[in-house]
Each structure stands twice: as C-alpha cells, then as structure tokens.
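Since we're looking at a predicted model, the values are computed, not measured. Any value given below was found using the heavy atoms of this structure, including those in side chains, with hydrogens, waters and symmetry copies removed.
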Number of protein chains: 2
Amino acid sequence: MAQPMQRPLAGRPESRGERKERTRRAILDAALALAGETSLVALSLRQVAKEVGIVPTAFYRHFDSIEALGMALVDESFVSLRAMLRDIRRGDPAFSDVVDRSITILVDHVHQQRSHFLFIARERAAGPPAVRDAIHHEIELCERELATDLARLTATAPWSAEDLRILSNLIVMAMVATAESIMNAPPRPDAEKAIIETARAQLRMVLVGALNWQSRT
Amino acid sequence: MAQPMQRPLAGRPESRGERKERTRRAILDAALALAGETSLVALSLRQVAKEVGIVPTAFYRHFDSIEALGMALVDESFVSLRAMLRDIRRGDPAFSDVVDRSITILVDHVHQQRSHFLFIARERAAGPPAVRDAIHHEIELCERELATDLARLTATAPWSAEDLRILSNLIVMAMVATAESIMNAPPRPDAEKAIIETARAQLRMVLVGALNWQSRT
DNA sequence: AGTTTGAGTGAACGTATGTTCACTCAAATC
DNA sequence: GATTTGAGTGAACATACGTTCACTCAAACT
C-alpha cells in the first residue's frame with residue numbers, strides 16, 4: 001500500500017507546483033484511508049508519511065500538524081457533501097417522489113465518496129475539538145440552506161422561521177443517521193435495501209408530521 | 001489528577017476483593033475521563049495506569065487490553081442508559097405530557113451520567129470495531145424494547161411490526177442526536193433550553209407524523 | 001503457624017512517536 | 001549560465017508505547 005512518491009513513470013516532466021500538489025493529494029488520501037480505520041485522533045504523522053512514501057519531515061512542507069490536515073479534510077469532505085445537496089436540489093421538488101429520489105441520491109453519494117462521508121460521521125463525534133467544531137458548523141449551514149429551500153416550497157402557507165429550523169434540524173439528523181447506517185451495513189444488497197426503505201418511510205413520516213403540524217411558537 | 005492507589009486513610013482494613021474492585025473502578029473511571037477528551041482508540045494503557053496511580057503492568061491484572069476495558073465500559077454505560085429508559089417508562093404514557101417529560105428525563109440523565117452517554121455517542125462512531133458493534137447491538141435492543149412499548153400503547157388500532165420498527169428507529173435516532181446536542185452545547189442554560197424545546201417539538205412532530213401514517217407495507 | 005495466592009512493583013526490551021537540524025539537488029528565477 | 005528556492009532526505013533527540021519477566025509482601029487459606 002505504501003508507495004514511494006516518485007514521478008509517474010510515463011508522462012512529461014512535472015512542474016514544481018504539480019509535484020507538490022500531487023504529494024499533498026497523496027497525504028490527504030492516505031490520511032483519509034487510515035482515519036477510516038480508526039480516527040484522526042489515533043493517527044500519527046509517521047504513519048501517514050510511511051503510507052505516502054515520504055520521510056516524516058516532508059509532511060511539514062504541507063501541513064503544520066495532523067490537526068491541520070484534519071481541517072483540510074473537513075473542507076474536502078464537505079465539497080463532496082455539497083455536491084450531493086446540489087444533486088438533490090436539481091430535481092423538481094414538487095414531484096411526489098422527492099423523498100424516494102433524495103434517499104437514492106444520498107445512498108449513491110455515500111457509496112461514491114464513502115471515505116468523505118465516513119470522515120464526517122466519525123470525526124464529528126471523535127475528532128479533535130477544532131475539527132468537531134468545523135464539522136458542526138458546516139452541518140448547521142446545511143440545515144439553514146435546507147430551511148430556506150423549505151421556506152420556498154411552502155411559500156403559500158408560510159411557516160415560522162423557528163418551525164423551519166426545527167424541521168430542517170430533524171431532517172438533517174435523520175439523513176446523517178441514514179448515511180451512518182449505510183456505511184455500517186454489510187455490503188449485502190438486501191441489507192442496504194432495507195435501510196433505504198426504512199429511511200424513505202421515516203422521511204415521509206416526518207413530512208406528514210410537519211404538514212399536520214400546529215406550531216406552538 | 002493522578003492519585004496513587006492506596007488505602008483510604010481512615011476506615012477499616014480492606015479485604016483483598018474490595019481492594020481489587022476499588023482499583024478496577026479507578027481504572028474504569030480514569031479511562032472514562034480520558035476517553036472523554038479524545039477516544040478509546042487514542043487511549044494508551046500507560047496513560048490510564050498513570051492516571052490511576054498504578055504501574056503499567058498492574059493494568060493486566062484487570063483487563064487484557066484497552067479494547068477489553070472498552071467492552072466493560074460499554075456494559076457500564078448501558079446500565080446508565082437503561083436506568084434512564086426505566087425512568088421514562090415509569091410515568092403514565094397516556095398522559096399528554098409524555099413528550100415533555102421524556103425529554104426532561106433524558107436531559108437529566110445525560111447530565112448526571114455525562115461520561116457514560118458521551119462514551120456511547122463517541123465510541124459508537126469511533127471506537128474499536130468490537131466496541132462499535134456492541135454499542136450498535138445494545139441500541140438495537142433499545143429500539144426493539146421501544147417498539148414493544150409502542151405496540152402496547154396502540155393495541156386498539158394495531159400497527160404492523162414493520163411500521164413499529166421504523167418509528168422506533170426514528171425516535172431512538174432523534175434521542176441520540178438530542179443527547180449529542182446537549183453534550184456539545186455550551187453550559188449556558190439558555191442554549192440548553194433551546195435544544196430541549198427543539199427536541200420536544202421534533203418528537204411531537206414525529207408522533208403527529210406517525211399517527212397520520214398510512215403504512216405501505 | 002506455615003503455605004499459597006495474587007495485586008501491585010520496577011527494570012528492561014524493542015519499537016513508535018513528534019520535532020530539530022543540516023543536507024541535497026532539480027526546478028524556477030535572474 | 002549562475003543563483004535562489006524549496007520539496008524531500010536522513011540522522012539524531014527525547015519521550016512514549018505495549019509487553020516480558022522476576023520480584024514483593026500482605027491477605028487468604030490450610
């Protein structure tokens with residue numbers, strides 16, 4: 001698994017910046033893979049360096065510490081997550097299959113960017129404080145975005161900002177839990193199918209609850 | 001913080017078993033405290049020993065490994081969690097304030113057994129595989145218990161087992177998320193009050209959804 | 001009273017850790 | 001073509017790690 005960092009055997013000579021970027025990527029990928037098996041807080045600089053195929057000191061040319069690396073991984077992981085949200089938003093939300101479609105897209109993205117979603121789910125709870133805070137902040141932003149989306153959908157009978165916040169928070173936490181279930185599940189397709197159907201039913205249940213909701217605020 | 005393990009200055013001479021139990025408890029407490037700041041997977045045997053005030057080798061008289069210690073902490077933590085569930089079940093579920101009361105009890109227990117709930121929430125995502133699996137298994141049992149409680153409550157218009165499973169899963173995940181929010185929140189009482197009110201509204205929303213639910217199974 | 005038991009000790013081991021420093025040597029700049 | 005720059009090297013450091021082993025010595029058992 002540990003590859004020495006060397007020029008790709010074929011191909012034109014690499015510029016200095018290109019080489020640096022390639023090493024940086026290799027570090028990020030190695031850290032993502034290693035953290036996927038334990039956690040950032042159990043990850044050592046030397047482990048990462050060995051996996052990348054560089055000497056430990058070379059690590060410092062790219063990051064000040066494992067924690068700084070972690071912050072970069074937060075940014076990167078939320079690029080994946082936001083790509084998913086964009087995909088979900090792309091469809092017509094008026095169609096009755098929003099729920100089914102949204103869950104399908106969620107599951108697809110969790111598979112395609114497994115390590116990013118795993119990183120978010122795990123380090124959200126166990127990462128170094130700065131990483132945890134950054135993740136929570138990003139999730140909060142997602143909740144706010146969802147709230148404005150929902151506000152647009154319910155423009156005819158507008159809800160209070162507070163109710164929108166509460167509903168968004170509930171939906172996001174359900175989606176996070178669903179993503180976690182998918183990642184923890186055995187790769188058997190029937191096990192996954194069951195999680196998907198559960199998640200869909202739950203999301204529908206939440207929406208039914210929200211539509212029959214009498215605010216008390 | 002690191003106290004040498006020695007006989008309490010006052011008090012009758014300790015039996016051999018009592019002394020062993022006292023050291024064992026000290027190890028569990030130290031591990032719980034240290035894991036509360038990072039995670040089990042970032043916890044070293046020597047750190048725990050130093051915190052307890054024993055020599056590293058003495059650790060082996062009580063546990064084979066940090067992971068075995070973790071499994072003991074799972075058992076212990078779920079004793080706290082089940083005590084909470086018992087407290088919640090104690091009240092009359094027919095009263096209309098089940099939701100308010102349940103959330104209050106949840107929050108109280110999270111405060112009184114903070115380290116246990118923190119352990120469950122964190123190691124559920126980041127612990128060693130055996131610990132993660134044990135925690136997920138226990139949570140699944142809680143979901144099943146909740147499902148049978150709900151079945152009893154809805155005996156007049158019985159739901160399908162599948163719908164009960166789906167609803168229980170949703171409620172438990174919302175409670176887990178609420179507990180996490182409480183533990184992550186600043187200790188300011190108004191911040192906590194907001195989380196509590198959100199959790200209550202969400203739980204009510206879910207129940208409204210469930211009551212207006214048309215099963216498709 | 002004499003013997004056994006077992007929690008806790010302390011030294012020692014090989015290995016892994018983060019960080020420092022002086023270095024190389026090819027690409028980038030002049 | 002000469003000079004500067006900076007990613008990556010390799011040795012060295014103090015410290016921490018898990019585990020081994022032979023040990024003590026007081027409580028428990030005979």
Under the side chain to side chain contact (heavy atoms under 4.5 Å, CB included) rule, what do C142(A) and L81(A) come out as? Steps first, then yes or no, please. CA-CA 9 Å; C142(A) 291; L81(A) 193 143; 3.7 Å; yes
Run the side chain to side chain contact (heavy atoms under 4.5 Å, CB included) check on L170(B) and I166(B) step by step: do they pass? CA-CA 6 Å; L170(B) 180 57; I166(B) 288 170; 5.7 Å; no
Start with the C-alpha gap between R204(A) and D100(A), add the side-chain angles, then the distance that decides, and say whether side chain to side chain contact (heavy atoms under 4.5 Å, CB included) holds. CA-CA 9 Å; R204(A) 273 188 233 113; D100(A) 286 7; 3.2 Å; yes
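With no hydrogens or angles considered, no side-chain donor-acceptor pair links H136(B) and E180(A) at under 3.5 Å. Checked by atom type, the side-chain pair T104(A)/R200(A) shows a donor-acceptor distance below 3.5 Å. For the 3.5 Å distance criterion, the side chains of R61(A) and T23(A) fail to qualify, holding no donor opposite an acceptor.
One interatomic measurement links the two molecules: CZ of F59(B) to P of dT20(D), which rounds to 13 Å at whole-angstrom precision.
Other residues, nucleotides and ligands place more than 12 heavy atoms under 6.0 Å from the NE2 atom of H111(B). Residue D75(A) places its CG atom among more than 12 non-hydrogen atoms of other residues, nucleotides or ligands, all under 6.0 Å distant.
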So which protein N/O to nucleotides 7-11 of chain D N/O distances come out below 3.5 Å?
residue: dA7(D); atom: OP1; partner: K20(A); partner atom: NZ; Å: 3.0
residue: dA7(D); atom: N7; partner: R61(A); partner atom: NE; Å: 3.2
residue: dA7(D); atom: N7; partner: R61(A); partner atom: NH2; Å: 3.3
residue: dG8(D); atom: OP1; partner: T23(A); partner atom: OG1; Å: 2.4
residue: dG8(D); atom: OP2; partner: H62(A); partner atom: NE2; Å: 2.5
residue: dG8(D); atom: N7; partner: R61(A); partner atom: NE; Å: 3.2
residue: dG8(D); atom: O6; partner: R61(A); partner atom: NH2; Å: 2.8
residue: dT9(D); atom: OP2; partner: V55(A); partner atom: N; Å: 2.9
residue: dG10(D); atom: O6; partner: T57(A); partner atom: OG1; Å: 3.0

Heavy-atom contacts, protein to nucleotides 12-18 of chain C, under 4.0 Å, summarised as B (base), S (sugar-phosphate only) or - (none) per nt, yield -----BB
